[in-house]
Amino acid sequence: MDIRLQGTGPVSLEIVRSVTDGLNLGTMKPGDRLPTERELAERLGIARGTVNKAYDLLKRDGLVVAIQGAGSFIAGPTGVLHEQDKQHAVNRIDETIRDLVDR
């Protein structure tokens, strides 16, 4: 998941724009898991609250859904993950867990 800052405005809105651009370009798809707030904040060198604000905006706009205990995911076109997208998300989580166990 490639979320980048360009330094052209409020950081939280840049994160929103980066995710929106990823959807429009097809580099992000429904079911893709977003980094945790902490992971993204550390990677971008910003405050976790800024990431939280961006994720809240994305959820409000129906672009992201949060599943308690699993994370935040790119939503389907209606803002709700379809069964196929849910399975994709679960598969991605399983892959991540296997990778962590292997380490």
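We number each residue from 1, following the sequence as shown.
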* To do: Determine, stepwise, if the pair Leu57 / Leu13 fulfils side chain to side chain contact (heavy atoms under 4.5 Å, CB included).
  => CA-CA 8 Å; Leu57 291 169; Leu13 295 180; 3.8 Å; yes
* To do: Start with the C-alpha distance between Val16 and Tyr55, add both sets of side-chain angles, then the distance that settles side chain to side chain contact (heavy atoms under 4.5 Å, CB included), and finish with yes or no.
  => CA-CA 8 Å; Val16 171; Tyr55 281 16; over 6 Å; no
* To do: Would you confirm whether Glu39, through its side chain, and Thr36, through its main-chain N or O, come within 3.5 Å as a donor-acceptor pair?
  =>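 The answer is yes, because a donor-acceptor pair under 3.5 Å joins these two groups.
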* Got a donor-acceptor contact below 3.5 angstrom from the Asp32 side chain to the Lys29 backbone? ->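 Looks like yes, one N/O pair under 3.5 Å.
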When rounded to the nearest 0.5 angstrom, what is the spacing between [atom1] in [X] and [atom2] in [Y]?
X     : Y      : atom1 : atom2 : result
Leu63 : Leu23  : CG    : CG    : 6.0 Å
Glu95 : Leu100 : CD    : CG    : 12.0 Å
Ser12 : Arg17  : OG    : CZ    : 11.0 Å
Glu14 : Thr50  : CD    : OG1   : 11.0 Å

* Asked: Shortest non-hydrogen contact from Gly62 to Ala75?
  ->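 Looking at all heavy atoms of both residues, the closest pair is O-CB, 3.5 Å.
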* Heavy-atom pair with the smallest gap, counting every atom of Ser18 and Ile3 ->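 Closest approach of Ser18 to Ile3: OG-CA, 3.4 Å.
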* To do: Report the C-alpha distance between Thr27 and Asp21 in whole Å, list the side-chain angles of each, state the deciding distance to 0.1 Å, and finish with yes or no for side chain to side chain contact (heavy atoms under 4.5 Å, CB included).
  => CA-CA 8 Å; Thr27 58; Asp21 289 348; over 6 Å; no
* Leu44 and Ile15: side chain to side chain contact (heavy atoms under 4.5 Å, CB included), yes or no, with the steps? -> CA-CA 10 Å; Leu44 298 177; Ile15 293 170; 4.3 Å; yes
Does any non-hydrogen side-chain atom of [Y] lie less than 4.5 Å from one of [X]?
X     : Y     : answer
Ile74 : Val19 : yes
Leu34 : Phe73 : no
Arg33 : Ser72 : no

* Asked: Would Asp56 and Lys59 pass as an ion pair if we require N to O under 4.0 Å?
  ->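 Answer for the salt bridge query: yes.
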* **same_hphob_cluster(Leu25, Leu58) at 4.5 Å side-chain heavy-atom cutoff** =>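 Leu25 does not cluster with Leu58.
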